[in-house]
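What follows is a single structure, written as structure tokens, with notes after it.
Values reported hereafter were calculated over all heavy atoms of this structure, with side chains retained and with hydrogens, waters and symmetry mates removed. Just so you know, ligand 1 is whichever comes first in the structure, and atom 1 is the first atom listed for that ligand.
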Amino acid sequence: MTIRKQLSYADRAALCANPLAQQLFLLMHTKKTNLALSADVTTCAALLELADKLGPEICVLKTHIDIVTDFTLDFTKKLVKLARQHQFFIFEDRKFADIGNTVKLQYEQGIYHISEWADIINAHSLPGPGIISGLAQIGLPKKRGLLLLAEMSTANNLFTADYTQETVHMAEQFPEFVMGFIAQKKLSSDPKWIYMTPGVQLATGKDSLGQQYITPQKALIDNGSDIIIVGRGILQAQDPLAEAKKYRQAGWDAYCN
Ligand code: 6AU
């Protein structure tokens, strides 16, 4: 029987061309967490409270900044401060999907100035490589990272196996800026890519709007992903901090497995 040694997060850090991917792998290794919190709340106060309380448990805090009703740029400064204090990266789940010139403006300008405070962003590959070139013009000088949506968690989505593979090929053209994928499973033998998997809860199931859940074990052990993204599984618990600790433990145990 041959036993293949799996590369650790720390081993893989050394293989990344994107500096943020490197830092994230190292953070996961030292902080011992592969949990990303999807902080889908609608006020600055609620988001900052989550970041402060759950920050010590997570490697990434994911925002949907356009659901926050009382957004100010001052709020982003507070969020960045908490990220430094508790050691996590900020991922704005903007799912860019337009031509390069437009996404550049959406990334840097508007109300949100996403490029100023978000370490990580994501984008659909649907428009072709120009979307990555556009985002890279803003993000690369700031040493940011991009995740491409290669698969989605929802029922009956239109992602095909070909689309997913073409997305991986597109990423290969931009190793300095693309850090990995939003996907349900590992998609390539290249160990430099980071996989983040949403649609994760402690029990399998679904919501009433097409979201589908797999367990941390399924995502990380069976599917070979790296980071579990958890929203309502934690946010709707009686005690979100205690629940986050459970997910953190489940995620870390699965990785050590
Ligand atoms: O755990 P939930 O279902 O409460 O939240 C899941 C979060 C949401 C979605 O916008 C996001 O993950 N998401 C994504 C991302 C991260 O891009 C892709 C996907 O396929 N499914 C999904 O749920 O904030």
Starting from atom 3 (O) of ligand 1, what is the nearest protein heavy atom, named by residue and atom, and what distance separates them?
Tyr213 OH, 2.6 Å
Of all heavy-atom pairs between Ala150 and Ala183, which one has the smallest distance, and what is that distance?
CB-CB, 4.5 Å
Which residue supplies the protein heavy atom nearest to atom 1 (O) of ligand 1, what is that atom called, and how far is it?
Gly231 N, 3.0 Å
Under 3.5 Å: donor-acceptor pair, side chain of Tyr9, backbone of Leu27
no
With sequence neighbours left out, write down each residue that passes ring-ring contact (aromatic ring centres under 6.0 Å, His included) with Tyr247, or none if nothing qualifies.
none
Would you mind checking which non-hydrogen protein atom is closest to atom 11 (C) of ligand 1, with the distance to 0.1 Å?
Asp93 OD2, 3.6 Å
Taking Leu147's backbone N and O only, do any of them form a donor-acceptor pair with Asn122's side chain (distance below 3.5 Å, no angle check)?
no
For atom 23 (O) of ligand 1, which protein heavy atom lies nearest, and how many Å away is it?
Gln211 NE2, 2.8 Å
Taking the non-hydrogen atoms of Lys62, is any one of them nearer than 4.0 angstrom to ligand 1?
yes
Under a 4.0 angstrom heavy-atom cut-off, which atoms of ligand 1 come close to Asp40?
5 (O), 8 (C), 24 (O)
Answer yes or no: is there a donor N or O on one side and an acceptor on the other, between the side chain of Arg12 and the main chain of Trp193, under 3.5 Å?
yes
Atom 7 (C) of ligand 1 - nearest protein heavy atom and its distance
Ser38 OG, 3.5 Å
Please give me the minimum heavy-atom distance between Asn157 and Met152, naming the atom from each residue.
ND2-O, 3.3 Å
Fit a plane to each ring of Trp117 and Phe71, take the angle between them on a 0 to 90° scale, and name the class: parallel (under 30°), tilted (30 to 60°) or perpendicular (over 60°).
tilted
Could you see which bit of His64 sits under 4.0 Å from ligand 1, with heavy atoms only: side chain, backbone, both or neither?
side chain
Only counting residues at least two apart or in another chain, list the ones meeting salt bridge (charged side-chain N to carboxylate O under 4.0 Å, His left out) with Lys32.
none
Using the rule that two of Ile, Leu, Val, Met, Phe, Trp, Tyr join whenever any of their side-chain heavy atoms come within less than 4.5 Å, decide whether Ile58 and Val60 are in one cluster.
no
Asn122 and ligand 1 - part of the residue with a heavy-atom distance under 4.0 Å
side chain
If you measure from each non-hydrogen atom of Arg232 to ligand 1, which part falls under 4.0 Å: side chain, backbone, both or neither?
both
How does Gln201 reach ligand 1, by side chain, by backbone, by both or by neither, if only non-hydrogen atoms under 4.0 Å count?
neither
of all protein heavy atoms, closest to atom 13 (N) of ligand 1 is Pro198 CB, 3.6 Å
Identify the protein heavy atom lying closest to atom 20 (O) of ligand 1, giving its residue, its atom name and the separation to 0.1 Å.
Ser153 N, 2.8 Å
